[in-house]
Amino acid sequence: MSVALTKSRVSNALKCYWNYALGRFGLVRISHAPLFVSVEPAAVCQLKCPECPVGRRHPDSSKSRHLEKFMPREVWERTLSEIRKTAFIVQFYFQGEPLLNKDLPQMIREAHEAGLYTIVSTNAQALTQPLAEQFVDAGLDRIIISMDGLSDESYNAYRIGGSLEKCKAALQYLRKAKNGKPIIELQCLRLRSNEHEWTQFKRVYTELGADRLVFKTAQLYDYADGHPLMPSEPRYSRYVKGQDGHYHRRRLSKYCRRVWSGCVITTTGEVLPCCYDKAHAYSYGNIMNASLRELFANDKALAFRRAALQQTPSICQECWK
């Protein structure tokens, strides 16, 4: 990972691991800053994916998501100034499509120049050859391309409004432009609509232009009585059928490291505990009103972590980390 290992970053990481270890024993305290942040460049998307709050215009996305379609320059500058000495990674994605923000290449460049590892996740519909070259020139370390099918039928079953050909073209643009970096990761949701193509994905992902292939399970709404996108093989689903005939979320470990090590910063500057807080229900506060270090360790943040240890927040019950 091409991140600059500075004394301040290493010291911050050691404090984080120590505080997390204490949390495992019920002592919740924070003396460190986030090791990573997920920044939301855009809160809008051109697709209508059925299980995405933005795509399906779900109530989860209505609270504050559309107050700022794109992250204002001042929010980004404040964020970068807060994380540049102590964080390792900046992920440029949350719920919207980051490539719709025209400032994204410059944001990546500035994070790269600060010695941070940079990641973008995209549906690739807006990725052109010139933009691919800008990403390479900016120093982007990794880009995740979401492609949930190898035929128009399987792809459009989930990526409604998208083009499989644009996705394939974007992979070639990146392969042509890259110079060692960025790592190109092809990501596929495991869905019933594409399960017949999983083996083929493994054969062709390098031909398509990717360096890595990652399969992910899908988070679904209204799954209790089954769902048309739920894979046929139960082991590839987040949900398991119970004795009552209904589907339930699989039980997970309650010891979450992510809320100790990172956070999300939205287009409006709200600091959220993690990417599952789609409704901004557990905001620690706004980065334009207080420092990130203060927000990361305030009473709201500590209370959330205590609750997370018991998986009582609703977003923890949806988690698959």
### Query
Restricting to pairs with a member in residues 126-163, which pass ring pair (Phe, Tyr, Trp, His ring centres under 6.0 Å), not counting sequence neighbours?
none

### Task
Could you tell me whether the side chain of Q125 and the main chain of S163 form a donor-acceptor pair under 3.5 Å?
yes

### Query
Side chains of E68 and T268: is there a donor and an acceptor less than 3.5 Å apart?
no

### Message
Between W260 and F25, is there shared hydrophobic-cluster membership here, with clusters defined by ILVMFWY side-chain heavy atoms closer than 4.5 Å?
### Response
no

### Query
Taking the six-membered ring of Y239, is the NZ or CZ of K241 close enough (under 6.0 Å from the centre) and on axis enough (within 45°)?
no

#### Entry: Inter-residue atom distance S146.OG - L189.CG, 0.5 Å rounding
7.0 Å

### Query
If you round to the nearest 0.5 Å, how far is CZ of R293 from CD1 of I287?
12.5 Å

### Summary
What one should report as the nearest heavy-atom pair of G209 and I184 is O-CD1, 3.4 Å

### Message
Within the structure provided, determine whether D277 and F94 are in side-chain contact (heavy-atom separation under 4.5 Å).
### Response
no

### Message
Between R305 and V259 (side chain of the first, backbone of the second, donor and acceptor by atom type, cut-off under 3.5 Å), is there such a pair?
### Response
yes

### Task
Using distance alone, with no hydrogens and no angle criterion, decide if S151 and E197 have a side-chain donor and acceptor under 3.5 Å apart.
yes

### Query
Side-chain heavy atoms under 4.5 angstrom apart, residues restricted to Ile, Leu, Val, Met, Phe, Trp, Tyr: same cluster for M147 and V214?
no

### Expected output: side-chain R142 to main-chain I183 donor-acceptor under 3.5 Å
no

### Residue Q200 excluded, over 12 heavy atoms near CD under 6.0 Å
yes

### Query
Given a cutoff of under 4.5 Å between side-chain heavy atoms of I, L, V, M, F, W and Y, with clusters grown through shared members, what are the other residues clustered with W18?
L22, L27

### Query
Is the shortest heavy-atom distance from the side chain of C167 to the side chain of I145 under 4.5 Å?
yes

### Query
Can Y223 and R249 be counted as having a side-chain donor-acceptor contact under 3.5 angstrom?
yes

### Task
Using a 4.5 Å cut-off on heavy atoms from C-beta on, say whether the side chain of I144 contacts that of T122.
no

### Query
Backbone N or O of L213 within a donor-acceptor pair of the E185 side chain at under 3.5 Å?
no

### Query
Do E195 and S232 get their side chains close enough for a donor-acceptor pair, meaning under 3.5 Å?
yes

### Query
Taking the side chain from S11 and the backbone from K7, do they hold a donor-acceptor pair closer than 3.5 Å?
no

### Message
Atom CG of residue position D299 - does it have more than 12 heavy atoms of other residues, nucleotides or ligands inside 6.0 Å?
### Response
no

### Message
I want to check something: taking the side chain as every heavy atom from C-beta on, are T79 and L292 in contact at a cut-off of under 4.5 Å?
### Response
no

### Task
Assess the pair W198 and Y236: is the distance between their ring centroids shorter than 6.0 Å?
yes

### Task
For side chain to side chain contact (heavy atoms under 4.5 Å, CB included), just list the numbers for T266 and H280, CA-CA rounded to whole Å, side-chain angles, deciding distance to a tenth of an Å, and then say yes or no.
CA-CA 9 Å; T266 72; H280 304 187; 3.8 Å; yes

### Query
Just wondering, do M107 and N101 contact through their side chains at under 4.5 Å, heavy atoms?
yes

### Message
Would you say D225 and H246 are linked by a side-chain donor-acceptor pair, where the criterion is simply a distance under 3.5 Å?
### Response
yes

### Message
In this structure, would V204 and L186 fall into the same cluster of hydrophobic residues linked by side-chain contacts under 4.5 Å?
### Response
yes

### Task
In plain terms, say whether R73 and E110 are close enough for a salt bridge, that is, a side-chain N and a carboxylate O under 4.0 Å apart.
yes

### Message
Could you tell me if S121 and Q91 have a donor-acceptor pair between their side chains, going purely by distance under 3.5 Å?
### Response
no

### Message
Would you compute the distance between atom CD1 of I265 and atom CD of E82 and round it to the nearest 0.5 angstrom?
### Response
8.0 Å

### Close side-chain approach of Q134 and Q106, heavy atoms under 4.5 Å
no

### Query
Ignoring hydrogens and geometry, is there a side-chain-to-backbone donor-acceptor pair from N12 to A33 under 3.5 Å?
yes

### Message
Tell me whether the count of non-hydrogen atoms from other residues, nucleotides or ligands lying under 6.0 Å of CG in N289 goes above 12.
### Response
yes

### Query
Should side-chain heavy atoms under 4.5 Å link Ile, Leu, Val, Met, Phe, Trp and Tyr, which residues sit in the same cluster as L14?
V10

### Message
What I'd like to find out is whether the side chain of C274 reaches to under 4.5 Å of the side chain of I315, using heavy atoms alone.
### Response
yes

### Task
Could you check L116 against H112 for side chain to side chain contact (heavy atoms under 4.5 Å, CB included), going step by step and ending with a plain yes or no?
CA-CA 5 Å; L116 295 157; H112 173 73; over 6 Å; no

### Message
Is it true that T217 and R238 share a donor-acceptor pair across their side chains at a distance under 3.5 Å?
### Response
yes

### Task
Would you please indicate yes or no on a ring centroid separation below 6.0 angstrom for F296 and H32?
yes

### Task
With sequence neighbours excluded, tell me which residues meet ring-ring contact (aromatic ring centres under 6.0 Å, His included) with F201.
none

### Message
Through direct or indirect side-chain contacts below 4.5 angstrom among Ile, Leu, Val, Met, Phe, Trp and Tyr, which residues connect to V136?
### Response
none

### Non-hydrogen atoms of S154 and S193 that approach each other most closely
CB-O, 3.3 Å

#### Entry: Spacing of CG belonging to N19 relative to CD1 belonging to I30, to within rounding of 0.5 Å
5.0 Å

### Message
Side chains of L150 and N194, heavy atoms from C-beta outward: is any pair under 4.5 Å?
### Response
no

### Query
Does any N or O in the side chain of E270 come within less than 3.5 Å of the main-chain N or O of S283, such that one atom is a donor and the other an acceptor?
no

## Note on the structure
What one should report as the nearest heavy-atom pair of V54 and G96 is CG2-N, 4.5 Å

### Closest contact, heavy atoms only, K181 versus L140
CB-O, 3.6 Å

### Message
Grouping I, L, V, M, F, W and Y whenever their side-chain heavy atoms are under 4.5 Å apart, do Y205 and F215 come out in a common cluster?
### Response
yes

#### Entry: Test item: Q129 side-chain N/O and Y173 main-chain N/O as donor-acceptor pair under 3.5 Å
yes

### Query
Among side-chain atoms of E294 and S291, is any donor-acceptor pair under 3.5 angstrom?
yes

### Task
With rounding to the nearest 0.5 Å, note down the distance linking CG in L5 to CZ in F88.
6.0 Å

### Query
Rounded to the nearest 0.5 Å, what separation is found between the CD atom of E97 and the SG atom of C52?
10.5 Å

### Query
Looking at L104 and P41, what are the two nearest heavy atoms and their distance?
CD1-CG, 4.1 Å

### Listed partners of F92 passing ring-ring contact (aromatic ring centres under 6.0 Å, His included), at least two apart
W76

### Task
Decide, yes or no, whether a salt bridge links R175 with D211 under the criterion of side-chain N to carboxylate O below 4.0 Å.
no

### Message
Is it true that Q187 and D148 share a donor-acceptor pair across their side chains at a distance under 3.5 Å?
### Response
no

### Message
Ignoring hydrogens, what is the shortest heavy-atom contact between I160 and P50? Give both atom names and the distance.
### Response
CD1-CD, 4.0 Å

